[in-house]
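Here the structure comes first, spelled out in structure tokens, and everything after it is commentary.
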Number of protein chains: 2
Amino acid sequence: MKRSVYFVSDGTGITAETLGHSLLAQFDNIEFDELTVPYVDTVEKAHSLVNEINRIAEETGTRPIIIDTIVNRDVREALARANAFMVDVFGTYVSQLETELCSTSSTVVGKTHSIVNSEAYSVRIDAVHFALDNDDGARTRHYDKADIILTGVSRSGKTPTSLYMALQFGVFVGNYPLTEDDFDDLRLPAALKEHKKKLFGLTIDPERLAAIRNERKANSRYASVQQCEIEIRAAQAMFNKEGIPYINTTHLSIEEISTRILATAGIKRRLV
Amino acid sequence: MKRSVYFVSDGTGITAETLGHSLLAQFDNIEFDELTVPYVDTVEKAHSLVNEINRIAEETGTRPIIIDTIVNRDVREALARANAFMVDVFGTYVSQLETELCSTSSTVVGKTHSIVNSEAYSVRIDAVHFALDNDDGARTRHYDKADIILTGVSRSGKTPTSLYMALQFGVFVGNYPLTEDDFDDLRLPAALKEHKKKLFGLTIDPERLAAIRNERKANSRYASVQQCEIEIRAAQAMFNKEGIPYINTTHLSIEEISTRILATAGIKRRLV
């Protein structure tokens with residue numbers, strides 16, 4: 001029997017869900033049935049969720065877990081009446097912070113993700129469009145504006161990483177694929193030479209790369225472990241020879257790849 | 001004087017930062033100097049951070065705030081020696097959850113974002129590539145595979161929203177721009193007709209759109225408030241006439257747009 005978990009928020013639910021995943025990941029011997037419930041911003045909505053949670057508690061014979069980041073006290077208290085174990089983040093910390101900061105909280109909902117000030121919004125959008133315009137080596141003439149240029153063999157994770165870094169950190173990321181043509185003399189492609197200091201390599205285990213490529217082009221030469229091995233060995237040799245920092249993405253999520261690159265390359269985020 | 005805040009984690013720092021932003025957003029009369037410190041995964045690194053924090057405490061005469069999601073108890077305790085106010089999420093909740101779940105935590109670092117199982121990774125990557133391949137009406141022949149198709153005038157937020165939904169929720173999102181040609185008879189573009197049930201409209205206030213467009217093409221007809229008004233009015237008329245749900249993105253972040261669309265359209269996430 002899975003344990004029911006509700007990530008509840010009066011905003012997007014992203015904070016509650018992110019925190020909840022972190023906490024529950026510590027209990028990997030337990031199976032959870034997770035549901036994110038965003039925009040619970042009235043007492044009425046809380047009541048209706050309480051009814052659902054109580055029904056599940058009765059049906060399963062176990063009280064569900066609530067992990068909530070509800071700002072409004074009334075809504076929070078309404079939800080607290082559910083037959084559930086409640087991890088109530090704002091309830092726990094806001095009053096502590098009020099004391100520490102000698103200030104009262106504004107208890108306004110949904111402030112976190114309301115990046116509506118023109119500047120921050122623009123940075124994000126511009127970063128996304130920069131990533132798109134400079135994806136996969138399509139264009140290289142804007143590389144002087146790039147904060148970083150990712151390079152690596154096909155399907156090593158360049159594009160998703162570029163886009164994640166753009167959306168999450170507002171960083172301007174170009175990416176350039178290394179192909180067999182580039183490996184003849186292990187020299188940097190001409191387009192990359194003058195931007196060497198901005199380069200960051202992605203590498204990956206051949207078996208993993210072959211699996212990823214196989215989902216696109218099953219049983220092709222492109223997707224064979226042999227071919228993947230040849231390309232990866234050449235790419236790493238190039239990174240080593242040219243002194244380009246690189247990271248092995250095999251066992252990392254996109255979040256981990258992105259944050260490790262930021263930390264290693266010492267890039268300044270444009271979105272804080 | 002800004003109050004120094006450290007978001008500290010032995011993983012990516014994304015959870016600590018997300019939660020920290022939520023909490024601090026409640027104190028909008030106070031200015032914070034925020035720093036995310038990821039991968040603090042040894043006692044030695046914690047010590048060195050403690051030294052930095054203590055130095056700042058001394059320099060500013062005010063103890064900094066630490067918001068941490070460090071899993072390892074030893075590292076956490078080392079950090080707790082800093083002259084700071086500590087919001088220690090795992091310290092607060094993990095033992096409570098252990099009791100509630102009748103289970104001990106595994107205290108393994110960085111589990112949250114380690115989406116390294118092949119299936120979840122593939123879903124995300126596939127969703128990103130789907131968004132890219134079906135961006136801006138470039139192709140419409142894959143719309144049968146889309147979970148949702150965003151539509152709206154140029155610069156209403158379609159592309160960033162598509163990519164965010166792909167990365168965060170693994171949802172397959174196409175997007176199709178509405179241009180003046182589409183507004184002659186207020187009928188749906190032919191390519192969209194058979195996918196009407198998947199359509200979701202984005203709209204935006206004309207002044208905001210003009211500001212966004214002006215950053216791209218300053219003082220152009222395209223960026224004029226007049227032109228923006230005409231296009232937006234026509235787009236909304238089309239949405240209303242065809243019964244397409246839509247959302248005004250003017251005062252919303254990309255997270256809010258995405259989660260509201262998910263909730264309103266009742267789309268199932270492929271990534272949980």
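Both backbone and side-chain heavy atoms feed into the values below; hydrogens, waters and symmetry mates do not.
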Determine yes or no for a side-chain-to-main-chain donor-acceptor pair under 3.5 angstrom, with [X] supplying the side chain and [Y] the backbone.
{"X": "B:K158", "Y": "B:L202", "answer": "no"}
{"X": "B:R270", "Y": "B:V171", "answer": "no"}
{"X": "B:T249", "Y": "B:T203", "answer": "yes"}
{"X": "B:R213", "Y": "B:S154", "answer": "yes"}
{"X": "B:T264", "Y": "B:I261", "answer": "no"}

What part of [X] is in contact with chain B, defined as an atom under 4.5 angstrom from a non-hydrogen atom: side chain, backbone, both or neither?
{"X": "A:T104", "answer": "backbone"}
{"X": "A:Q96", "answer": "both"}
{"X": "A:L101", "answer": "both"}
{"X": "A:F32", "answer": "side chain"}
{"X": "A:L132", "answer": "side chain"}
{"X": "A:L262", "answer": "neither"}
{"X": "A:D136", "answer": "neither"}
{"X": "A:R260", "answer": "both"}

What part of B:L35 is in contact with chain A, defined as an atom under 4.5 angstrom from a non-hydrogen atom: side chain, backbone, both or neither?
->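 Contact with chain A: none, neither part.
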Relative to chain B, which of [options] shows the most heavy atom pairs under 4.5 Å?
{"options": "A:L19, A:T159, A:V128, A:N29", "result": "A:L19"}
{"options": "A:T69, A:I212, A:V89, A:D126", "result": "A:V89"}
{"options": "A:T36, A:T62, A:L163, A:D135", "result": "A:L163"}
{"options": "A:E17, A:Q168, A:H129", "result": "A:H129"}

Would you please classify the geometry between the B:F130 ring and the B:F172 ring as parallel, tilted or perpendicular, with 30° and 60° separating the classes?
->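 B:F172 and B:F130: tilted rings.
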Partner chain A: residue of B:I30, B:I125, B:L97 with the largest heavy-atom pair count (under 4.5 Å) =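 Ranked by heavy-atom pairs under 4.5 Å with chain A, first place is B:L97.
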Will you find, in the side chains of B:D41 and B:N72, an N or O donor that is under 3.5 Å from an N or O acceptor?
->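 Not at all, the side chains of B:D41 and B:N72 share no donor-acceptor pair under 3.5 Å.
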Go through the side-chain N and O atoms of A:H21 and A:E34 and say whether any donor and acceptor fall under 3.5 Å apart.
->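 Side-chain D/A pair, A:H21 to A:E34: present.
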Within 45 degrees of the axis of the six-membered ring of A:Y121 and under 6.0 Å from its centre: does B:R208 put its NZ or CZ there?
->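 Yes.
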